[in-house]
Protein chains: 2
Amino acid sequence: METSLPKFDSTFSIDCVIFGFEAGELKVLLIERNQEPFKDWWALPGNLVNNDEGIEDAAGRILDELTGLRELHMEQFHTFGEVDRHPQGRVITVAYFALIRINGKKEVKPMTGFAKNASWHAINDLPKLAFDHIKIFETSIQKLRRRLSYQPIAFELLPEKFTLTQLQLLYEAILNKKLDKRNFRKKMLSYGFLKELDEKQKGVSYRAAKLYKFDRRKYNKIFQNDMNAI
Amino acid sequence: METSLPKFDSTFSIDCVIFGFEAGELKVLLIERNQEPFKDWWALPGNLVNNDEGIEDAAGRILDELTGLRELHMEQFHTFGEVDRHPQGRVITVAYFALIRINGKKEVKPMTGFAKNASWHAINDLPKLAFDHIKIFETSIQKLRRRLSYQPIAFELLPEKFTLTQLQLLYEAILNKKLDKRNFRKKMLSYGFLKELDEKQKGVSYRAAKLYKFDRRKYNKIFQNDMNAI
DNA sequence: TAAGATAGTGTAAAATTTACACATTATCTT
DNA sequence: AAGATAATGTGTAAATTTTACACTATCTTA
């Protein structure tokens, strides 16, 4: 498979680990490759960076092209630069994670022929991945966990209005451990950046929970001197 | 200065923020450039990555060439990829910080003609830096602060045998705030990874302090399940 | 042997974290 | 409409951690 492909000179690419939260599970968006090498394998969405675009811009563009998703929260987390990462030549890859509210957007449509398919996979049940993408994924989850404690990233994964139980389930999914309900709620509310709405959950067949919103303005006020955070 | 220089295609480089601790101050090693652009300016040691070397290796090599330092603790912390970072063309730079025990090695000798000089600068008193190096530096110190709380990096900056006061001064320098002596010592010792030696500080004109060593084996045992750390 | 300089030490109050269980509310079923 | 079902929402006491705070001990030098 790999021997007949042309070699290229040093190139530069971006890979994205796109996280979503659905049905109490943390998921990652993978594409099914439509090109050699690793044709038909699952992979992280990624592509080469153009010479005339900044890497942040490139990350946004690539994400859009491969998944049709735009304007997501994206953060760089590591750069991978081993010489043998790619069978066709030297590729240095800056990895980003992106956070998305899956909501209704369950269906994702690749915008290029590069990927023939894109779908969500539970992080505990990933298929075999192309290149060194499993390593990139593992690094991403470590960084995500770490940042969860000092950046308000959880709210990028939830709908605008959410219940405290949903928030807790998300924390549990990211941290991969159970949390105590009362303590979790007490702590979250104590920060003061959650705004209780006059609205309740709908469409559930049991007592509906109160909805909350993340109040970014308050968050910024509270953590402006930073170096603290959640 | 910049208009007459040739343009190059996209290239890939590494810059290092080299931290040292001396006389109670956190310092950074800068080189004085010997080439355009920014000839005679102070800059972070950095250079292009070769096509046949991994970026970790490149970081080590570049550091060695520009400063004569080897085998330092190095960690990647961010990649800078704006299109206009370099006047001669597009350069994407992976930034590393390196930690060094200044000890006797105060004199640093660049091994290439690329830098005509290298010297230590207190972080609160840096000269004007070439390119976007001040931004890289600022990012590095933020990352360093963050990592101080979950990785045993302080010990990379101290001599093998150190006093608790030295350790505290280092923490204060990195975090840029005063700490309480009794609380600091209590906390540090409570971790259990500092080994008290039967030896005392020498050459001081006052009561000599006990010396301690960082016991990495114990550290690893304590934090093997990690996600906690200091 | 006195002066100078830093090392080394303990405790109480405050704040935070942890552990833990049941009554409430809404829906659904019969 | 009564009961079953399913998740919401709530408080307290104990344990732990963090904070604030000041004096004696030890060594060197003059």
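In the text below, chain A, chain B and the rest are named by the order of the sequence lines, each starting its count at 1.
Whole-Å rounding puts the A/L164 CG to D/dA7 P distance at 16 Å. In this structure, NZ of B/K178 is placed 15 Å from C1' of D/dC21, rounded to the nearest angstrom. Distance, A/L167 CG to D/dG9 C1': 15 Å, rounded to whole Å. Note: CD (B/Q168) to P (C/dG8) measures 12 Å, nearest angstrom. Distance CG (B/L169) to C1' (C/dA7): 13 Å, rounded to an integer number of Å. The distance from atom CZ of A/F184 to atom P of D/dG9 is 13 Å, rounded to the nearest whole Å. One interatomic measurement links the two molecules: CG of B/L189 to C1' of C/dT9, which rounds to 11 Å at whole-angstrom precision. When the C1' atom of D/dT28 is taken as reference, atom CD of B/Q201 falls 12 Å away, rounded to whole Å.
In this structure, B/E172 does not pair ionically with B/K177, as no charged nitrogen and carboxylate oxygen lie closer than 4.0 Å. B/R146 and B/E75 are not joined by a salt bridge, as no carboxylate oxygen comes within less than 4.0 angstrom of a charged side-chain nitrogen. Between B/D64 and B/R70 there is a salt bridge, with a side-chain nitrogen of the basic residue lying less than 4.0 Å from a carboxylate oxygen of the acidic one. Ion pairing of B/K210 with B/E196 is present here, as a side-chain N (NZ or NE/NH1/NH2) and a carboxylate O approach within less than 4.0 Å. Using a 4.0 Å cut-off between charged nitrogen and carboxylate oxygen, A/K128 and A/E32 do not count as a salt-bridge pair.
A donor-acceptor pair under 3.5 Å is absent between the side-chain atoms of A/Q76 and the main chain of B/H78, judged by distance alone.
Heavy-atom distances to DNA chain D give each of B/A208 and A/K200 a nearest nucleotide, and the one nearer the 5′ end belongs to A/K200. Mapping A/K210 and B/V204 onto DNA chain D via the closest heavy atom, the residue that lands nearer the 5' end is A/K210. Each of B/T163 and B/S205 was assigned the nucleotide of DNA chain C with the nearest heavy atom; the assignment lying further toward the 5' end belongs to B/S205.
For B/R207 against C/dT6, a side-chain-to-base donor-acceptor contact under 3.5 Å is absent.
Note: B/Y96 and B/F77 fail the aromatic proximity criterion, with ring centroids not under 6.0 Å apart.
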Indicate for each nucleotide in nucleotides 15-21 of chain C, in 5' to 3' sequence, whether protein heavy atoms under 4.0 Å reach the base (B), only the sugar-phosphate (S), or nothing (-).
--SBBBB
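Side-chain N/O atoms of A/R185 include one lying less than 4.0 angstrom from OP1 or OP2 on D/dG9. In this structure, B/K202 does not reach the D/dC27 phosphate: none of its side-chain N or O atoms is under 4.0 Å from OP1 or OP2.
Contacts of B/T165 with the nucleic acid, taken as non-hydrogen atoms under 4.0 Å apart, involve only primed sugar atoms and P, OP1 or OP2.
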